[in-house]
2 protein chains.
Amino acid sequence: MNTRLEAALAVSTVIFALRSDPGSGLSSLWLPLVRRTRDPYLGRWALPGGGLPTDEGLAGAAARALRETTGLTPKYLEQLYTFGDPGRSPGGRVVSVVYWALVESGEAALAVEDENVHWFPADHLPPLAFDHNRIVEYALWRLRTKVEYSRIAHAFLGETFTLAQLREVHEAVLQKALDPANFRRTVESSGTVVDTGRRVAGVPHRPPRLYRYNDSVPAAEPGALEPAIG
Amino acid sequence: MNTRLEAALAVSTVIFALRSDPGSGLSSLWLPLVRRTRDPYLGRWALPGGGLPTDEGLAGAAARALRETTGLTPKYLEQLYTFGDPGRSPGGRVVSVVYWALVESGEAALAVEDENVHWFPADHLPPLAFDHNRIVEYALWRLRTKVEYSRIAHAFLGETFTLAQLREVHEAVLQKALDPANFRRTVESSGTVVDTGRRVAGVPHRPPRLYRYNDSVPAAEPGALEPAIG
DNA sequence: GTGACTTCTGGTCAGACTGACTATAAGATG
DNA sequence: CATCTTATAGTCAGTCTGACCAGAAGTCAC
């Protein structure tokens, strides 16, 4: 079990944030990619990541890659899958432990973006390096599945939020409209949010209540294993 | 991404089979462990596994470890999680990609067992090497969660089976009794099994129908990622 | 100030689903 | 044939969900 092995080990992260679509004005999922500066796939876009320092945990390495490329801190971080088919990387076996992360939308708007870091709409990606298109597809599936039964949507929002904002997150992730009244009923009965007593002022209609996330309700997560951040 | 790294890479497998409990006569979950023949944890029981050959996929390595230790072929095999905390292995960083597998019960009764391979009841394990107790706990959680929404229970059974046998699998995994009539209603409406038209003969009561697994109904699985075997 | 407008928020209603339970079917066994 | 055991069908009430209705409560135009 302690044999030194031939395969190289890497940690990558699929980072999601909500941004409003230039066309429709609706929010949708975006993710940052980095341009490869080496062969193989020189010049192609790829998931941020890198090697695994000896003294760092897997989740720590994922969070660091995220911070180094985007300057952001994830509000949610969880292991996705480990990809290790021989042949997924031309020129040497690479085993990639992939994490997925959610970052706050307001913060994400300020994220680093330059020649080598660029945000793309998650549903319309160019051909990426390695098998990264497939990895993003799987991460999207996982996000869309999990948002329905777990309480991760608030990771896209700030400290306090209205139920309409929370609903818009769900709508953006699931790509379908939700009935406001039914959504409210479901969320309220789940106990995942708490009324702060405050309301939003200055809106040209009835002012909505502000809620905050309820930390005391445990997520429906594995007994022995929690998300790294969440 | 192609840097040679310091951490060693290993693949381990949590293998589940059903066996009848000596005491109660009821079926329960058992798993095979191997005795460590080297330090660290010399003499302790551990999950079967080993290094990753250069030309072999992760799932392939998991299936091979399973075959080599138990002589069995898994009817279900899926990646569980990758454990890589620094310090989880005394004497050198090890990153373990862990799979979980289900094997047919009839076949499992014939499995290899000797001085260095032994089957244990999954709920009463001795202290294992490394963090393997925690890994088994997580695999158990995953099995128990997944058996309720996915159709993996048939992996414990043979080609054809009665609904009572399928129900007993669920009862053994979930550790609670299920109403036979309600179970039948749920399974039949799910379309996951097909009536073979045959019945079991020679039982001292009304003969039950024999069903087989319906391959044509797709599992509720990731779009981009399937279980290795299932 | 007043009415129009918009979203918030509370409520109803019907159909689907679930757990508990009852009853009949169909074989073996003595 | 009576009896026993499990298989299998059906009922009923409570819960959950999607579709929909209606009043509440602000801003804004006039």
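Order of the sequence lines fixes the chain letters, A, B, ..., with proteins taken first and strands second; residue numbering starts at 1 for each chain.
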Hey, are the side chains of A/Val95 and B/Val95 touching, using non-hydrogen atoms and a 4.5 Å cut-off? no

Is B/Ala201 touching bases, backbone alone, or none of the nucleic acid, heavy atoms closer than 4.0 Å? nothing

What about the rings of B/His170 and B/Phe183, do their centers lie closer together than 6.0 Å? yes

Note: chain B reaches DNA chain D at heavy-atom distances under 4.0 Å over the stretch, first to last nt, 5' to 3', of D/dT5 to D/dT11

*asked:* Determine whether the aromatic ring centres of residues A/Trp100 and A/Tyr138 are separated by less than 6.0 angstrom.
replied: no

Every protein N/O lying under 3.5 Å from an N/O of nucleotides 17-19 of chain C:
| unit_1 | atom_1 | unit_2 | atom_2 | d |
| --- | --- | --- | --- | --- |
| C/dG19 | N7 | B/Arg185 | NH2 | 2.8 |
| C/dG19 | O6 | B/Arg185 | NH1 | 3.1 |

Contact string for nucleotides 25-30 of chain C, one letter per nucleotide 5' to 3', B = base within protein heavy-atom range under 4.0 Å, S = sugar-phosphate only, - = neither, reads BBBS--

Ion pair present between A/Glu115 and A/Arg35, side-chain N to carboxylate O less than 4.0 angstrom?
yes

- Item | Test of ring centre spacing under 6.0 Å for B/Phe161 and B/Tyr211 | no

note: B/Leu178, atom CG; C/dC21, atom P; distance rounded to Å ~ 15 Å

Within-4.5 Å side-chain heavy-atom neighbours: A/Glu56 and A/Arg64
yes

* Asked: Side chains of A/His118 and A/Leu33: does their closest heavy-atom pair fall under 4.5 Å?
  -> no

By nearest-nucleotide position on DNA chain D, the 5'-leaning member of A/Ala181 and B/Gln165 is B/Gln165

**Electrostatic pair A/Arg184:A/Asp195 at N-O distance under 4.0 angstrom** = no

Does B/Glu78 come within less than 4.0 Å of B/Arg142, counting only side-chain N to carboxylate O? yes

Separation of C/dT7 atom P from A/Asp179 atom CG, nearest Å, is 14 Å

| Is the distance between the ring centroids of B/Trp45 and B/Phe120 less than 6.0 Å? | yes

